[in-house]
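Here's the structure we're looking at; comments come further down.
Counting starts at 1 for both ligands and their atoms, following the listed order. Just the heavy atoms: all of them, side chains too, but no hydrogens, waters or symmetry mates, feed the values below.
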Amino acid sequence: MARLNPALPNPSTVPFLWSYSAIRPYLVHAGNLVREEQAERRVLMLVNPGRNAAPYTTDTLYAGLQLVMPRETAPAHRHSAFAVRFIIEGQGGFTAVHGRRVAMKPRDVLVTPPWNWHDHGKKGAGEQGGDDEPVIWLDGLDLPEFVHFPVHFNVHYDQARYPAEDVGVDDSPIVFPWEQVEERLAAEPGPWAAVPYLRKNGAEIGRTIGALAERLDANASSPAIQETASSVYHIIEGTGHSVIGETTLHWKKGDTFAVPAWHKYQHFAGGEQVYLYRFHDKPMLKALGFYRVEGADVESFADVW
Ligand code: 1HN
């Protein structure tokens, strides 16, 4: 009974940082080792040492780095899981989502809604906009939920690519161009600002997962927050550190870190401007009635009939 009714949230995952410069060589090595036909998706899973098993980056969120080599196709499939992708590096990457192909530009965010056919590719040297380098992005998926709800479906399309037409970034609801996000952040007052990625109708990008971008001016800090949501953060630009519970994580551009539920967290920028990308499980927690944040009136969490 006590185990089922703890006094406080008790996530198993721990605050943890994956250094881009430390893990990128393994991903690039996998690009040469694991052939296109051997892997449906070539991903370096960011497995939290607190659980030591995929798909847990936090207890409710999966994060991983995905790599596509020039002229490759990560073949078309569709699944119940939702995905949000932050493009880290590489020119000439593209993703086709349910019949519409869009460019994957560094710093843009792209969404793959549930049950949409999707395949990813990358143009090679000699193709317009392509070169010999891989494209690399950060995937965020709601995969841990399907451990509790074992109802996940994944099907393969019978060809590598689902038929798709090219669509401009401005005409696609699944792309969030960085230039627009940067402008919105610049328009916010104060040394710390956060702007959410939202659908045109104002809804969160996913039923399970939401995302936002944050700006911290040089030497600024974010407000300290303790909430039942967990998050994955990625450093778009700058250096600094975060205090998460009892842990301090120092970060720089390209790094990714996990913030488990109910660990008080706060970010501190170094001597230059910082941009952070974050995805979190707040939409799911709110839908289920599990969202709670320290400092709010606890009586407001009573579901009074
Ligand atoms: C998946 O389907 C994708 O569709 C990315 O790009 C990462 C990690 C584990 C299982 C399925 C994708 C994934 C994945």
Nearest non-hydrogen protein atom, [atom]:
atom                    : value
atom 12 (C) of ligand 1 : R41 NE, 3.1 Å
atom 4 (O) of ligand 1  : H118 NE2, 2.8 Å
atom 7 (C) of ligand 1  : D139 OD2, 3.5 Å
atom 14 (C) of ligand 1 : L141 CD2, 4.2 Å

Distance-only donor-acceptor check, side chains W117 and D119, under 3.5 Å: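 D119 and W117 do not have a side-chain donor-acceptor pair below 3.5 Å.
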Judged by modelled atom types alone, do R161 and T73 share a side-chain donor-acceptor pair under 3.5 Å?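 Per modelled atom types, R161 and T73 side chains form a pair under 3.5 Å.
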Assess whether side chain to side chain donor-acceptor pair (under 3.5 Å) is satisfied between Y20 and E89, documenting all intermediate values. CA-CA 12 Å; Y20 195 55; E89 62 169 286; 2.5 Å; yes
Could an N or O of ligand 1 be found under 3.5 Å from any N or O of R85, whether backbone or side chain?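 Among all N and O atoms of R85, at least one is under 3.5 Å from an N or O of ligand 1.
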Backbone or side chain, does any N or O of Y62 fall under 3.5 Å from an N or O of ligand 1?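 No, since none of the N or O atoms of Y62 sits under 3.5 Å from an N or O of ligand 1.
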Apart from I235 itself, what residues make up its hydrophobic cluster, given side-chain heavy atom links below 4.5 Å?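 L17, W192, L216, I225, Y233, I244, L249, W251, F257, V259, Y265, V274, L276, M284, L285, L288, F290, Y291, V293, all in the cluster of I235.
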Please confirm whether the backbone N or O of A74 pairs with a side-chain atom of R42, one donor and one acceptor, at under 3.5 Å?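 Side chain of R42 to backbone of A74, a donor-acceptor pair under 3.5 Å: no, none is there.
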May I ask you to list the atoms of ligand 1 that are less than 4.0 angstrom from any heavy atom of [X]?
X    : answer
H120 : 6 (O), 12 (C)
L143 : 8 (C), 9 (C), 10 (C)
H79  : 2 (O), 4 (O)

Does R51 make a cation-pi contact with Y56 (under 6.0 Å, within 45 degrees of the axis)?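 Output yes; distance and angle both within limits.
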Residue-ligand contact E40/ligand 1, heavy atom below 4.0 Å: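 No.
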Quick check for you: to the nearest 0.5 Å, what is the distance between N116 atom CG and H79 atom NE2?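 The NE2 atom of H79 is 10.0 Å from CG of N116, to the nearest 0.5 Å.
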Heavy-atom contacts under 4.0 Å between N154 and ligand 1: side chain, backbone, both, or neither?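 Neither; no heavy atom under 4.0 Å.
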Please name all residues satisfying side-chain hydrogen bond (donor to acceptor under 3.5 Å, both in side chains) with E179, sequence neighbours left out, ordered by chain then number.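 If we apply the side-chain hydrogen bond (donor to acceptor under 3.5 Å, both in side chains) test to E179, skipping adjacent residues, the hits are K105.
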